[in-house]
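Report on the following structure.
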There are 2 protein chains.
Amino acid sequence: VTLLAVLGPDLVASLVPADTPILRADDLGAVRGDGVFETVDVRAGAPWLLDAHLDRMARSAAALDLDLPPRTALEALAGALCAAWPADDEGQLRIVATRGPESGGPPTVYATLKPITDKQRAQRRDGIAVRTLPLGVPAGLRTAEPALLAGAKTLSYAVNMAALREAERRGADDALFVSTDGYVLEGTRANLVMAVDGRFVTPRTDIGILAGTTQADVFRFAEGEGIATSYELVTLADLEAADALWLLSSVRQAAPVRSVNGVTRAMDLAMTERINDFLLSREQ
Amino acid sequence: VTLLAVLGPDLVASLVPADTPILRADDLGAVRGDGVFETVDVRAGAPWLLDAHLDRMARSAAALDLDLPPRTALEALAGALCAAWPADDEGQLRIVATRGPESGGPPTVYATLKPITDKQRAQRRDGIAVRTLPLGVPAGLRTAEPALLAGAKTLSYAVNMAALREAERRGADDALFVSTDGYVLEGTRANLVMAVDGRFVTPRTDIGILAGTTQADVFRFAEGEGIATSYELVTLADLEAADALWLLSSVRQAAPVRSVNGVTRAMDLAMTERINDFLLSREQ
């Protein structure tokens with residue numbers, strides 16, 4: 001079952017059947033990928049880390065020069081879905097804001113809520129196979145021009161989805177983008193965290209990747225456990241030398257990497273369980 | 001007035017009011033920019049160069065591993081709109097195919113038809129101001145990895161639209177992307193053609209840019225006029241040294257460039273008129 005809520009021009013959220021067509025043919029979200037989104041884990045009937053997600057959504061919208069509705073309206077939109085959702089079920093909430101119809105009008109704002117899939121849940125436990133894929137861009141130049149929207153979570157994910165299909169075609173579960181100058185960037189919809197000599201390391205965000213909400217949460221876990229954390233330039237050699245790897249996202253949480261480019265990697269399953277217990281079990 | 005036609009599961013095109021919502025909240029066109037499109041000039045009641053556009057749409061769809069409906073269905077979709085359109089009015093037809101709902105189902109396929117704007121028409125005559133903008137990618141590496149979708153006309157245009165806004169913010173009408181290694185690529189929705197010592201020159205498409213249908217048509221014009229044509233690597237120095245510049249697209253046709261980065265450029269208005277007469281006046 002999937003739920004859908006649409007934010008009206010009066011900024012009131014209305015639940016409508018999930019298969020109701022809600023976007024016009026000229027909606028700039030559809031014809032230009034021109035909009036922003038967030039995906040949020042829902043548990044115990046509430047969106048997890050909603051503040052961090054709405055903060056990032058505001059940053060993405062600012063990069064696109066897109067006027068979001070007031071934050072309280074977005075919170076109410078999420079709240080309307082969660083109120084109609086069985087509190088015992090873990091769900092994935094997607095909040096979308098497009099630039100609205102090309103012919104004029106306010107942004108199109110809506111949210112959907114659907115169950116976490118068995119596949120997503122299994123990946124937290126069984127791990128994932130990853131393929132590296134060249135993104136064709138040098139890491140250092142991606143943030144130089146703001147119009148390139150580096151670090152903004154936009155609706156223009158055609159390349160991400162093509163990379164995911166390419167990884168699957170090669171027998172993997174996800175792709176990991178690498179820059180032309182040899183730095184590891186991010187997954188198609190996830191951030192990388194590595195265990196290196198007892199530290200947790202993730203790629204620096206000034207190379208144009210998305211700042212991960214789950215990655216930040218894992219770093220909070222690490223700090224609580226006395227594990228040092230750092231943001232670094234990560235090379236392919238660093239990736240190969242790391243003791244353990246995870247891809248992190250809000251719906252998958254921490255998925256241990258069991259192979260890279262077909263080469264088996266050691267998984268730290270005890271640590272994976274502790275991380276996911278932390279990510280999934282805390283009270284808000 | 002705008003017209004909208006939707007291709008049904010039976011591959012029959014139906015006209016519906018243009019403001020009818022037709023896309024579901026989870027349509028992958030809207031939430032992932034995952035789909036392809038073409039924009040086609042309509043005149044004398046018929047889509048101009050429809051074959052070339054549907055050829056390119058098929059190539060784009062192949063790059064995205066997206067199953068398009070049969071070509072006859074796309075032709076009928078365009079035909080249904082043109083039949084309802086005043087034959088004396090020049091229009092712009094947009095044909096869209098998305099990957100369909102995330103929850104499953106066939107691609108979402110539709111087309112819209114609306115008038116050419118006065119602004120678009122004026123740019124053919126008065127010219128446009130252009131800003132160069134770094135795209136942050138080296139030209140030579142863009143086509144190395146097919147998953148990067150170089151040369152495919154996808155719905156993921158968020159960066160193109162941001163670049164257009166940035167150009168407008170700086171007082172220009174359009175942006176012209178430049179690679180990190182100094183090669184001129186393409187406009188946000190247009191191709192560049194330069195007059196150089198009596199030849200017509202356009203950037204090579206193996207640097208990952210879109211192959212232009214209007215650019216190809218202008219080269220046919222040139223060949224008919226005995227003007228030599230060539231596809232080259234175009235540097236910023238070449239851009240500066242050229243005798244005249246045009247940005248070409250299906251709805252704007254040939255827009256002469258009247259300035260680059262605030263520096264006035266000579267426009268060859270007599271040649272512009274001959275080109276646009278050729279582009280706009282021929283029988284199909």
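Only a predicted model underlies this, so the values are computations on that prediction, with no experimental measurement involved. These numbers come from the heavy atoms of this one structure, side chains and all, not from hydrogens, waters or symmetry mates. Each chain gets a letter, A, B and so on, in the order the sequences are listed, and its residues count up from 1.
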- Within the distance-only criterion (no hydrogens, no angle test), does the side chain of T154(B) pair as donor or acceptor with the backbone N or O of A158(A) below 3.5 angstrom? no
- Query: Any side-chain heavy atom of P138(A) sitting closer than 4.5 Å to one from T180(B)?
  - Reply: yes
- Could you look at R32(B) and say if it's the side chain, the backbone, both or neither that has a heavy atom under 4.5 Å from chain A? both
- Query: chain A: which of D19(B), N160(B), V16(B), L4(B) shares the most heavy-atom pairs with it under 4.5 Å?
  - Reply: D19(B)
- Message: So which residue, D65(B), T20(B), L133(B), V31(B), ends up with the most heavy-atom pairs under 4.5 Å with chain A?
- Response: V31(B)
- Message: side chain to side chain contact (heavy atoms under 4.5 Å, CB included) for L64(B) and M161(A)? Distances and angles first, verdict last.
- Response: CA-CA 9 Å; L64(B) 268 72; M161(A) 304 319 280; over 6 Å; no
- Item | A25(A), part contacting chain B, at a heavy-atom distance under 4.5 Å | both
- Message: I need the residue from G33(A), A144(A), P146(A) with the largest number of non-hydrogen atom pairs under 4.5 Å to chain B.
- Response: G33(A)
- Message: If we define contacts as heavy-atom pairs under 4.5 Å, which of R142(B), E166(B), R94(B) has the most with chain A?
- Response: R94(B)
- Task: Can you tell which part of L135(A) gets under 4.5 Å to a heavy atom of chain B, answering side chain, backbone, both or neither?
- Result: both
- Identify the heavy atoms of A147(B) and A162(A) that sit nearest to each other, and give their distance. O-CB, 3.4 Å
- Region of A167(B) in contact with chain A, defined by heavy-atom distances below 4.5 Å: neither
- Let me know if I22(A) has heavy atoms under 4.5 Å from chain B in its side chain, its backbone, both or neither. both
- Query: chain B contacts: which residues in residues 96-116 of chain A have a non-hydrogen atom closer than 4.5 Å to it?
  - Reply: V96(A), R99(A), E102(A), Y110(A), T112(A), K114(A)
- Query: Do you know which of G35(A), A150(A), A163(A), G136(A) has the most heavy-atom pairs under 4.5 Å to chain B?
  - Reply: G136(A)
- Checked D34(B), L141(B), L164(B) vs chain A; the most non-hydrogen pairs under 4.5 Å come from D34(B)
